[in-house]
Amino acid sequence: MVSSHFFEDVYAVVRLIPKGRVSTYGAIARYLGTAKSARTVGYAMNASFGVIPSVPAQRVVNRLGMLSGKHHFQTPTRMQELLEKEGLIIRDDHIEDFEKVFWDPMKELEL
DNA sequence: GTCATGACAAAGA
DNA sequence: TTCTTTGCCATGA
């Protein structure tokens, strides 16, 4: 497959998300300069399945901190388990203390 | 080649 | 304030 430029950027940023932190589609999209392409970021995650090096797609959620994409994992519970394994608290498919674990590339990288 | 859909989000009415 | 519309990039029919 021919990883498009945009996808590569998305993967690069997602891989930079520290363990125990999460980011959002919109934050990544904005960091890449295309604020309204959050949708495409999600699509990139869908295509990130099997990509090497592995892309921690479980650390990317929507702006509400909800595990909107868990259904796209190998198993619907995979995403939650991975996050809990990293020390996060998942409650009812949404991340507790989302603001505290939120990792914004705009602030963390470009600061 | 065109049309529709998708792990989303911001802006307009 | 909520509801609706638009934008983005890539993929599949």
Side-chain angles (χ1 to χ4, degrees):
Chain A
M1 80 180 183
V2 281
S3 299
S4 301
H5 169 61
F6 193 84
F7 276 31
E8 288 183 16
D9 285 345
V10 172
Y11 298 153
V13 177
V14 174
R15 285 195 295 255
L16 290 176
I17 302 174
K19 177 185 174 185
R21 304 278 180 195
V22 295
S23 191
T24 69
Y25 304 99
I28 295 170
R30 248 188 312 182
Y31 178 73
L32 296 179
T34 51
K36 296 175 182 175
S37 63
R39 211 172 178 183
T40 311
V41 174
Y43 201 83
M45 294 294 91
N46 186 26
S48 73
F49 181 75
V51 172
I52 306 297
S54 301
V55 180
Q58 74 277 10
R59 294 179 188 154
V60 184
V61 297
N62 66 8
R63 76 186 189 87
L64 301 176
M66 196 158 70
L67 278 58
S68 49
K70 70 172 191 174
H71 267 283
H72 293 267
F73 280 75
Q74 301 174 319
T75 65
T77 56
R78 178 78 175 180
M79 188 175 187
Q80 178 173 334
E81 289 185 19
L82 286 171
L83 290 173
E84 291 180 330
K85 196 173 180 182
E86 296 182 354
L88 295 178
I89 303 173
I90 311 302
R91 181 170 188 153
D92 218 23
D93 287 349
H94 88 7
I95 300 175
E96 289 291 315
D97 296 324
F98 176 60
E99 313 174 5
K100 298 176 184 176
V101 298
F102 175 56
W103 183 83
D104 187 352
M106 284 302 253
K107 295 183 178 181
E108 301 293 338
L109 299 179
E110 209 171 276
L111 184 58

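Below, chains carry the letters A, B, ... as their sequence lines are ordered, and counting in each starts from 1. Reckoned from all heavy atoms, side chains included, excluding hydrogens, waters and symmetry mates.
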Item to check | Nearest-0.5 Å distance, OH of residue Y11(A) to CD1 of residue I28(A) | outcome: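 The distance works out to 11.5 Å.
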
Item to check | Within residues 84-98 of chain A, residues whose heavy atoms come under 4.0 Å of DNA chain B | outcome: none

Checklist entry - Is there a residue in residues 58-78 of chain A whose heavy atoms reach under 4.0 Å of DNA chain B, and which residues are they? => result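 Those residues whose heavy atoms fall under 4.0 Å from DNA chain B, taken from residues 58-78 of chain A in numerical order, are N62(A), R63(A), S68(A), G69(A), H72(A), F73(A).
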
Checklist entry - What pattern of brackets, bars and dots sums up DNA chain B from 5' to 3', given Watson-Crick or G-U wobble pairs under 3.5 Å, [ ] for crossing pairs and | for another strand? => result .|||||.||||||

Checklist entry - D9(A): what forms a side-chain hydrogen bond (donor to acceptor under 3.5 Å, both in side chains) with it, not counting sequence neighbours? => result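 So D9(A) forms a side-chain hydrogen bond (donor to acceptor under 3.5 Å, both in side chains) with H5(A).
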
Next on the checklist: Suppose the criterion is salt bridge (Lys or Arg N to Asp or Glu O under 4.0 Å): which pairs have a residue in residues 49-67 of chain A, not counting sequence neighbours?
Outcome noted: R59(A)-E86(A)

Side chains of residues 87-101 of chain A: which donor-acceptor pairs under 3.5 Å do they make with residues two or more places apart or in other chains?
| residue | atom | partner | partner atom | Å |
| --- | --- | --- | --- | --- |
| D93(A) | OD1 | K70(A) | NZ | 3.0 |
| D93(A) | OD2 | K70(A) | NZ | 2.9 |
| H94(A) | ND1 | R91(A) | O | 3.0 |

Item to check | Terminal contacting nucleotides, 5' and 3', DNA chain B versus chain A (heavy atom, 4.0 Å) | outcome: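 First-to-last contact on DNA chain B, by the 4.0 Å heavy-atom rule, is dG6(B) to dA10(B).
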
Item to check | Inter- and intrachain pairs under side-chain hydrogen bond (donor to acceptor under 3.5 Å, both in side chains), touching residues 14-28 of chain A, at least two apart | outcome: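 For residues 14-28 of chain A, and leaving out neighbouring residues, there are no side-chain hydrogen bond (donor to acceptor under 3.5 Å, both in side chains) pairs at all.
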
Checklist entry - Which of residues 35-46 of chain A sit near DNA chain C, with a heavy atom under 4.0 Å from it? => result K36(A), S37(A), R39(A), T40(A), Y43(A)

Checklist entry - Quick one: side chain to side chain contact (heavy atoms under 4.5 Å, CB included) partners of T77(A), sequence neighbours excluded? => result T75(A), E81(A)

Filtered N/O pairs between nucleotides 3-5 of chain C and protein, under 3.5 Å:
none

Side-chain donor-acceptor contacts of residues 34-41 of chain A below 3.5 Å, not counting sequence neighbours, with atom names and distances?
| residue | atom | partner | partner atom | Å |
| --- | --- | --- | --- | --- |
| T34(A) | OG1 | S37(A) | OG | 2.5 |
| S37(A) | OG | T34(A) | O | 2.6 |

